[in-house]
Amino acid sequence: MDRDPSTRDIVQQLLAEEAPSFLVNRRFLHSRLLVYALARFSVAGAMAFGAWFAGYVVGIDGLPRTSLYVLAGLLFLYSCLVFLFLYLRTWGSGASHHQLTAVMHGTIGIDFIFLTAALWHIGGAASPFASLYILHIILAAMLLSRIGVLLQSSFAYLLYAGLVLMQVLDWFPPHMPAGAVLADMPMDARYAATLLTVQAILFMVTGFLVSEIAAALKRGEAALRELNVELKQLSEMRRDFLHVVTHNLKAPAAAATMLLETVENLWAVDASESARAAIHRARMRTQELGDLVQDLQHLAALESGALKKEEQSVDLNDVVRKLLTEYESEALRRKQSLRAVMEETLPGVRAVPRLLYEAAVNYVTNAIKYTPEGGTIVLKTRRDSGAAVFEVEDTGIGIAAEHVDRLFGEFVRVPAEGSGARPPGIGLGLSIVKRIVEHYRGKVYVRSTPGKGSVFGFSLPGDDNRIL
Ligand code: ADP
């Protein structure tokens, strides 16, 4: 059974000396042949129209118009057959590569026969239309192997030589419509020899040069595909590595933070000021390490397609309710008021719930961190024409306009007004929010006034809007 080649198969096939063509992709070949089949219809039309135009408008005498119309009709019928074959083969298992190659050789050969027949009607071997052979050879050389091109060029040359001979021997001489060709130009043996020599060189050199270009493209394509395979492997390795590292770092970081917290709160109560400060710093740094590991873990989770099956319809109001419960005490400790304003019916959002929750947590913890005592933090949800919006509004320190644009970049921390000191943290949180939200085709935004407060939000397309 014919199957689509894997990338590795294609690379190997391409790298092999005798690869059938640089366009080994079956589907690409199929579509190319369909395009050529459609182009053939226009050639049939052009032939009929050209015969009419040359006779009636240009005034070319002696043009066998009826025969040309019949030829155009035959070309049309033959185009229908080719098109039908290719079109019907688009369904089901499709045509195999061998079948397509056979169709390609067959149609190119038949095209040459049609061209020769048309030439016989419009001046024979010396007709200016004879250069159309070259066009066909170029098209053939783009699709066929070198041997295929050699065979087709030789076939075209034989047909052309046949025309020359017919004229020289005056056996079945072609039509010589005045105006399309120099009607009284004799085809003697010397002129025939000149034509045959020049055309032999032209046919072969064109075929050779275009196959060379096609082969160079083939090699370039092979190299690119190989690089692509390598890049994919590297990317998978990096993802696995990130997964293993974060997994193994998470537990020790959490344990160390807990231990240091216990030391700080229980055992270090009677210790000297400097010892307590050192323990506190150690706890903060370990906490940061834990946060970094958690951030990296979310990134790894987002990249792995494995999470797709965990997606479900999420109600952002549920997220807000959970946030209120989780962060109520922390806000209270900092004497902040934390409340919610929710729109009753929100569109569901298709996502992995814990990732969406993590994105929202980032906004809330930042708001708590950057809002002074006595401040207010409001969590809001609303519907915005099919999308669900989540917002955290705070009355915190705000962010200067020049920093707002780059806030969602990686490792961005805005220095505090006045002191210029960098805030704690590593500046990955908002970039992860952005990645998560954009992964679900949503948008993040921020509005802020220094000294007054900020609004951080994201909107996500509702379930109904998803293309399934
Ligand atoms: P981190 O992960 O280190 O907390 P983020 O990416 O979450 O970093 O935030 C980046 C920077 O944006 C912070 O260092 C802070 O300066 C600023 N910022 C974020 N949220 C707020 C906010 N609600 N109010 C004021 N500044 C904020």
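Atoms within each ligand, like the ligands themselves, are counted from 1 in listed order.
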| said: Side chains of Ser459 and Asp384 only: does a donor on one sit below 3.5 Å from an acceptor on the other? | reply: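 No, Asp384 and Ser459 have no side-chain donor paired with an acceptor closer than 3.5 Å.
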
Notebook entry, point to check: With a 3.5 Å cut-off and no angle check, do the side chains of Gln294 and Lys250 form a donor-acceptor pair?
Noted result: no

Margin query: Angle between ring planes, Phe458 versus Phe390, binned at 30° and 60°: parallel, tilted or perpendicular?
Written below: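 Geometry flag for Phe390 against Phe458: tilted rings.
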
(request) Assign the ring pair Phe112 / Phe155 to parallel, tilted or perpendicular, where the plane angle (0 to 90°) is split at 30° and 60°. (result) perpendicular

- Could you list the atoms of ligand 1 found under 4.0 angstrom from a heavy atom of Val414?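 What qualifies from ligand 1 is 14 (O), 16 (O).
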
So the atoms of ligand 1 within less than 4.0 Å of a heavy atom of Ser454 turn out to be 24 (N)

Salt bridge (Lys or Arg N to Asp or Glu O under 4.0 Å), that's the test. Do Lys218 and Glu221 meet it? Break it down for me.
CA-CA 5 Å; Lys218 180 184 92 175; Glu221 192 187 20; over 6 Å; no

Return a yes/no value for [X]: is any of its N or O atoms, backbone included, closer than 3.5 angstrom to an N or O of ligand 1?
X	result
Asp394	yes
Leu430	yes
Lys369	yes
Leu407	no
Asn362	no

Worksheet entry | ring-ring contact (aromatic ring centres under 6.0 Å, His included) partners of Tyr445, counting only residues at least two apart |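 Expected list: none.
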
Sorted by chain and number, sequence neighbours left out, ring-ring contact (aromatic ring centres under 6.0 Å, His included) with Tyr160 holds for Tyr133

Which is it for [X] and ligand 1 at heavy atoms under 4.0 Å: side chain, backbone, both or neither?
X	value
Val412	backbone
Phe456	side chain
Leu428	backbone

- request: Taking atom CD of Glu212 as the centre, report whether more than 12 heavy atoms of other residues, nucleotides or ligands fall under 6.0 Å from it.
  value: yes

Closest to atom 3 (O) of ligand 1 (heavy atoms only, candidates Ser448, Pro450, Gly398, Gly427) is Gly427

The option among Tyr370, Phe411, Phe408 carrying the non-hydrogen atom nearest to atom 24 (N) of ligand 1 is Tyr370

- With a 4.0 Å cut-off on heavy atoms, is Gly396 touching ligand 1? no

* Under the side-chain hydrogen bond (donor to acceptor under 3.5 Å, both in side chains) criterion, do Asp111 and Tyr78 qualify, and how do the steps go? -> CA-CA 10 Å; Asp111 286 347; Tyr78 148 68; 3.2 Å; yes

